[in-house]
Amino acid sequence: MSSIPKTEQLTSSQGFRKTGEQAISQTPLHPRRRSRRIMVGPVPVGGGAPISVQSMTNTVTADINATLQQIAELAAAGCDIVRVAVPSQDDADALPIITKKSPIPVIADIHFQSKYVFQAIDAGCAAVRVNPGNIRKFDQVGPEICKAATDAGISLRIGVNAGSLDKDIYARYGGPTPEALVASALKEAHMFEDVGFHDFKISVKHHDPVTTVQTYRLLASKGDWPLHLGVTEAGPSWQGTIKSCLAFGALLAEGIGDTIRVSLSAPPVEEVKVGCKILEYLGLRQRHFDIISCPSCGRAQVDVIELAKEVTEGLKDITAPIRVAVMGCIVNGPGEAREADLGVASGNGKGQIIIKGKVVQTVPEDQIVPTLLERAKEIAAQMDAKAAAQGETLPEAGPMVVPVTGRAS
């Protein structure tokens, strides 16, 4: 079984952003599954490392400026690792500049053309995602890919999707069942291990969250590979978020999973926001700004929906771990507000502003939002100042995984 090296900050010569955040690798719910560690650039995956958040650009990779702009937006939202599609020669030719200027490690997404895999390695990509099932003559080029990755010191990801399952395995199992997906993943894993290559992670994605959970559970029982979690083709933002929360919540609560990507039919930044919040709420990533707000009901004496929306928008750039309660009536309002750093209990055309359990101000309804925003920013500034005085740094809106040096032995 792999040993887990001590986590420490890496001074990167590759220009990647340094985070300085204390690593969080364990959820309070369950011990992490032990997996071997690989590296994606300076970001560790597996072996007890903090769970990283990934996304994928939806730009034409050959459009270098657009791709780098989107990568910057993803990094600012908290993305740790980014994947770019390489379906053409022009895309492959753009990789050297993109990998050099990206603030986070870049994974090249390669299908069908094995020559792009070698170009991606030469371009300095931190990892390559390959699908042995659709790489032409993989039994011949596979060993060469593994050697090139070994020589370059990079890792690979192999993955099985329900929609691209090997035809023979599909027929044998009668469809993309958990057993079929795992059988395909094991077949691909053995292709790499038979030539002595072990620096890879595995994904086994399905669009159904229950099947996804069953598949990853089964795969996790078969070996110590680091696992990349994903619900593929999860759907529009609201639907895909629910599916991803269900699958990731179940698996991460059992200690299964080393890196995640929320797949949404939405701008990639939205994927990162959801992924970061899943980890925050499971205790696997340091909490940033959080809002507690009551549901709309007949007791509410203010428009709680609009109130919560305005407060959330006004504090979206706050990175301090401040919790704000926006409550619409006197039933639960005072109690919930007392548990937050800052809160408001609203009713009768006014709002009581509560800080650390004490009412500090009563304001008219039309002043609730500006007063909350002002108070929240004051508290956030105090948190920043306190952290600085103690020699700590509150996490910026950016990659949150602390890189480590070395590999698991």
Side-chain angles (χ1 to χ4, degrees), residues 7-21 23 37-47 49-57 59 61 64 67-86 91-92 94-110 116-117 119-130 148-159 199-203 226-230 258-262 268-269 271-272 275-276 279 285 395-407:
T7 300
E8 57 187 45
Q9 186 171 342
L10 175 70
T11 302
S12 174
S13 60
Q14 297 174 269
F16 292 111
R17 180 181 300 171
K18 305 175 189 69
T19 66
E21 182 192 354
R37 175 166 295 180
I38 65 172
M39 301 297 294
V40 180
V43 176
V45 174
I51 295 169
S52 52
V53 174
Q54 300 189 27
S55 185
M56 185 173 182
T57 57
T59 59
T61 304
I64 294 173
T67 300
L68 286 172
Q69 175 60 37
Q70 190 168 86
I71 291 175
E73 293 169 357
L74 291 169
C79 188
D80 301 301
I81 300 167
V82 65
R83 187 156 44 110
V84 299
V86 188
D91 298 317
L95 290 176
I97 297 176
I98 291 171
T99 57
K100 183 178 180 180
K101 294 186 176 182
S102 173
I104 53 179
V106 174
I107 297 178
D109 187 79
I110 311 291
Y116 298 150
V117 176
Q119 279 193 253
I121 294 172
D122 291 340
C125 287
V128 179
R129 185 263 201 258
V130 296
T150 299
D151 292 345
I154 73 167
S155 59
L156 302 174
R157 172 162 79 91
I158 56 176
D199 287 340
F200 62 90
K201 59 182 179 288
I202 305 178
S203 64
L227 300 181
H228 171 76
L229 302 187
D258 300 291
T259 182
I260 65 173
R261 184 215 172 170
V262 177
V269 165
E271 298 183 350
V272 174
C276 288
L279 296 184
R285 182 168 283 217
E396 298 177 356
M400 299 186 197
V401 172
V402 178
V404 300
T405 56
R407 294 173 180 266

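In what follows, every heavy atom counts, from backbone to side chain, and hydrogens, waters and symmetry copies are set aside. These numbers were taken from a predicted model, which means no experiment stands behind them. Residue numbers run from 1 in the order of the sequence given.
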Please confirm whether the backbone N or O of [Y] pairs with a side-chain atom of [X], one donor and one acceptor, at under 3.5 Å?
| X | Y | value |
| --- | --- | --- |
| S155 | A127 | no |
| S55 | V272 | no |
| S102 | I98 | no |
| R37 | V45 | no |

Going by salt bridge (Lys or Arg N to Asp or Glu O under 4.0 Å), name the residues that satisfy it together with R157, two or more places apart in sequence or in a different chain. none
Sorted by chain and residue number, the salt bridge (Lys or Arg N to Asp or Glu O under 4.0 Å) partners of D91 (sequence neighbours excluded) come out as none
Quick one: pull up [atom1] in [X] and [atom2] in [Y] and give me the separation to the nearest 0.5 Å.
| X | Y | atom1 | atom2 | value |
| --- | --- | --- | --- | --- |
| L74 | E271 | CG | CD | 8.0 Å |
| L156 | I121 | CG | CD1 | 6.5 Å |
| D258 | L227 | CG | CG | 6.0 Å |
| T99 | L68 | OG1 | CG | 9.5 Å |
| I158 | R129 | CD1 | CZ | 9.5 Å |
| I81 | H228 | CD1 | NE2 | 9.0 Å |

So do [Y] and [X] actually touch side chain to side chain, heavy atoms under 4.5 Å?
| X | Y | answer |
| --- | --- | --- |
| P103 | I71 | yes |
| I51 | L229 | no |
| T150 | D199 | no |
| C125 | I154 | no |
| V53 | I260 | yes |

Partner of T259 by side chain to side chain contact (heavy atoms under 4.5 Å, CB included), out of P50, P44, S52: S52
Verdict with supporting geometry, V40 and Q54, side chain to side chain contact (heavy atoms under 4.5 Å, CB included): CA-CA 11 Å; V40 180; Q54 300 189 27; 5.7 Å; no
A92: partners by side chain to side chain contact (heavy atoms under 4.5 Å, CB included), with sequence neighbours left out: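 Side chain to side chain contact (heavy atoms under 4.5 Å, CB included) list for A92, sorted by chain: V86, Q89, Y116, Q119.
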Go through the side-chain N and O atoms of T67 and T61 and say whether any donor and acceptor fall under 3.5 Å apart.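 Per modelled atom types, T67 and T61 side chains form no pair under 3.5 Å.
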